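Read through the structure below, which is laid out as structure tokens, and then see the notes.
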Amino acid sequence: MHSNLPLTMATYIKSCHLSRSAIVLAFTLYLSLFSCILCVASVNVGKGSGFVQIKGPNFVINGSPFLFNGFNAYWMMNVATDPSERYKVSQVLHDAANAGLSVCRTWAFADGVDDKALQVSPGVYDERVFQGLDFVVAQARKYGLRLILSFVNNYKDFGGRPQYVEWARSSGVQLKSDDDFYTNPVVKWYYKNHVERVITRVNTITKISYRDDTTIMAWELINEPRCQLDYSGRMVNGWVQEMAVFVKSLDQHHLLEIGMEGFYGDTMPERKQINPGYQVGTDFISNNLVKEIDFATIHAYPDQWLSGQNDDSQMAFMQRWMSSHYEDSRTILKKPLVIAEFGKSSKDPDYNINKRNAYMNAVYRNIYKEAKSGGTVGGGLVWQLMADGMGSYGDGYEIILSENLSTDSIISQQSHAMGTLAHMLRSGPENVAVN
């Protein structure tokens with residue numbers, strides 16, 4: 001648009017045979033118009049360019065409230081390792097941006113001997129895979145999305161905690177179980193080394209260090225930590241404290257969260273009745289009270305956790321699960337909360353798309369209502385978005401926006417609602433009508 005303006009103005013002046021004063025006036029108006037265009041362009045480029053930060057119990061960008069709708073796409077680095085497959089990453093990010101989604105959670109790990117392993121052995125990395133992660137970060141930046149990057153998995157998928165323990169065993173360290181991940185000095189050193197390698201990585205595409213890149217919203221210590229040796233949550237808590245301090249020693253800009261599902265431990269025994277009948281070795285309260293942890297997360301899979309119960313029972317659990325954590329994040333933690341994973345699987349008994357849409361709608365309404373009432377919830381991340389032709393990454397929860405138009409519509413509506421609410425909050429909380 002800019003390149004056509006001088007020609008258009010010159011042609012207009014010439015064709016009209018304007019007087020000298022008229023030409024001066026026209027040229028002055030043109031300069032004013034051009035400067036306005038530059039001003040608007042600079043505003044658009046700069047919009048949301050700061051780091052996501054915490055102000056009290058809420059997220060902010062450049063001091064203004066930040067509410068979001070987002071998604072999970074764990075597979076992105078893995079797929080981007082093959083340059084011929086990178087279009088799938090770009091397609092999902094493009095479609096997500098069109099649906100108003102602004103936060104994506106994905107893995108910054110792949111440990112082991114797989115041909116797409118990022119960390120082949122402790123401290124040894126495949127540069128080809130790292131460049132796949134570079135591409136993911138660069139594309140997220142291009143489409144205006146923020147990333148939450150997770151450092152390791154609790155499970156054996158993509159290596160995870162079991163792989164770290166196996167590496168230590170292979171080097172001669174005597175370990176009893178995978179839970180030694182949380183306490184053994186050698187294993188902890190392996191983990192810290194990986195954290196440092198990711199945080200200090202300089203993107204080969206953007207030339208920006210990860211720790212300086214505002215595209216990254218937050219780091220995640222571990223996806224869904226669990227511990228069978230100590231169900232109280234104390235063993236995991238010691239690990240969280242140590243690793244949170246370590247991450248903050250490397251990077252003071254980005255936010256940090258644990259990656260927890262939200263299970264309660266021994267800090268508030270009365271809350272354990274909210275759990276779906278069991279504990280997993282974490283403590284939502286004490287783990288998230290660690291000073292260096294900036295915000296809390298919960299995951300919600302009543303279709304897995306209460307698989308024998310009907311839809312109504314599962315939805316009732318979901319309502320209790322969310323409201324309990326809303327209250328605790330607001331009154332005890334005084335930190336923001338993100339519903340970091342939720343979804344409904346096509347493998348569930350009697351599944352149909354309408355049931356998934358109804359479930360997502362209910363979760364979205366719950367999130368919006370809590371945010372509107374002044375709560376600490378920042379947004380939700382549905383599990384998971386994929387591109388067409390990615391069957392091997394499917395787990396029943398996958399959503400392909402271009403093929404699931406009704407679901408795409410529900411997601412877009414939530415994105416618009418959260419964006420509108422954030423805009424109203426920026427102009428003053430008094431402008432938000434609480435029903």
Side-chain angles (χ1 to χ4, degrees), residues 41-55 58-66 68 70 73 76-77 80-81 86 89-90 93 96-97 101-110 118-119 123 125-152 191-222 243-259 291-295 297 335-336 338 340 378-379 381:
S42 68
V43 168
N44 287 337
V45 170
K47 184 180 180 183
S49 61
F51 287 98
V52 180
Q53 297 175 313
I54 300 297
K55 185 177 182 182
N58 302 109
F59 294 109
V60 296
I61 297 178
N62 299 327
S64 295
F66 177 56
F68 56 87
M76 283 194 164
M77 178 183 72
T81 296
R86 288 181 175 178
V89 172
S90 301
L93 291 172
L101 295 164
S102 55
V103 175
C104 169
R105 176 173 172 261
T106 191
W107 297 168
F109 62 81
L118 173 61
Q119 188 175 194
Y125 288 81
D126 187 334
E127 176 61 20
R128 174 183 60 105
V129 183
F130 238 143
Q131 289 183 14
L133 185 58
D134 290 345
F135 179 80
V136 172
V137 176
Q139 287 290 290
R141 185 179 186 87
K142 173 183 176 181
Y143 289 107
L145 280 87
R146 307 278 178 161
L147 295 174
I148 297 176
L149 297 180
S150 186
F151 290 129
V152 73
Y191 175 83
K192 286 180 178 178
N193 181 70
H194 175 65
V195 168
E196 185 167 3
R197 286 294 288 267
V198 173
I199 289 177
T200 60
R201 168 81 175 176
V202 176
N203 193 311
T204 56
I205 299 172
T206 65
K207 311 303 180 187
I208 302 171
S209 169
Y210 281 27
R211 65 177 159 193
D212 295 326
D213 196 339
T214 56
T215 306
I216 298 168
M217 171 179 169
W219 304 114
E220 177 177 286
L221 291 180
I222 176 173
M243 298 310 167
V245 169
F246 180 73
V247 170
K248 290 295 187 178
S249 75
L250 297 171
D251 181 358
Q252 294 83 42
H253 295 308
H254 289 104
L255 301 178
L256 178 64
E257 49 100 352
I258 301 169
K291 182 167 65 73
E292 289 78 13
I293 297 301
D294 295 301
F295 64 95
T297 63
K335 295 180 180 182
V338 174
L381 310 175

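Basis for what follows: all heavy atoms, side chains included, without hydrogens, waters or symmetry-related copies. As the structure is a prediction and not an experimental result, all values here were calculated from the model.
Within the 3.5 Å criterion, the main-chain N or O of Asn203 finds no donor-acceptor partner in the side chain of Asp134. Here the side chain of His254 pairs no donor or acceptor atom with the backbone of Trp219 at under 3.5 angstrom. Tyr210 places no side-chain N or O within 3.5 Å of a backbone atom of Ile216 that could act as its donor or acceptor partner. The main-chain N or O of Ala80 is found under 3.5 Å from a side-chain atom of Arg86 such that the two form a donor-acceptor pair.
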- [ ] Decide yes or no on side-chain hydrogen bond (donor to acceptor under 3.5 Å, both in side chains) for Gln131 and Thr204, but give the supporting numbers first.
- [x] CA-CA 7 Å; Gln131 289 183 14; Thr204 56; 4.7 Å; no
- [ ] Step by step, work out the side-chain hydrogen bond (donor to acceptor under 3.5 Å, both in side chains) result for Ser64 and Asn62.
- [x] CA-CA 6 Å; Ser64 295; Asn62 299 327; over 6 Å; no
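The shortest distance between side-chain heavy atoms of Phe66 and Gln53 does not fall below 4.5 Å. Residues Phe68 and Met217 have side chains in contact (heavy-atom distance under 4.5 Å, counting atoms from C-beta outward). Using a 4.5 Å cut-off on side-chain heavy atoms (C-beta onward), Ile258 and Thr297 make no contact. Between Glu257 and Val338, every side-chain heavy-atom pair lies at or beyond the 4.5 Å cut-off. Counting heavy atoms from C-beta on, the side chains of Asp126 and Thr81 never come closer than 4.5 Å. Looking only at side-chain heavy atoms (C-beta outward), Met77 and Thr106 stay at 4.5 Å or farther from each other. Side-chain contact check for Val152 versus His194: every heavy-atom pair is 4.5 Å or farther apart. Counting only heavy atoms from C-beta outward, the side chains of Leu221 and Ile293 approach each other to under 4.5 Å.
Ring geometry for Phe130 against Tyr125 counts as parallel: the plane angle stays under 30°, on a 0 to 90° scale with 60° as the upper cut. Using bins of under 30°, 30° to 60° and over 60° for the plane-to-plane angle, the ring pair Phe151/Tyr191 lands in the perpendicular bin.
Note that the CD1 atom of Ile199 and the CG atom of Asp212 stand 11.5 Å from one another [nearest 0.5 Å]. Distance CG/Asn193 to CD/Gln119: 7.0 Å, rounded to 0.5 Å. One distance of note links CG of Leu250 with NZ of Lys192; it measures 10.0 Å at 0.5 Å rounding. In this structure, CD on Glu292 lies 13.5 Å from CZ on Phe246, to the nearest 0.5 angstrom. One finds the CZ atom of Arg211 at 7.0 Å from the CG atom of Asp251 (value rounded to the nearest 0.5 Å).
Note on Asp294 versus Lys248: salt bridge recorded, some NZ/NE/NH1/NH2 to OD/OE distance being below 4.0 Å. Under the 4.0 Å criterion applied to side-chain N and carboxylate O atoms, Glu127 and Arg201 are assigned as salt-bridge partners.
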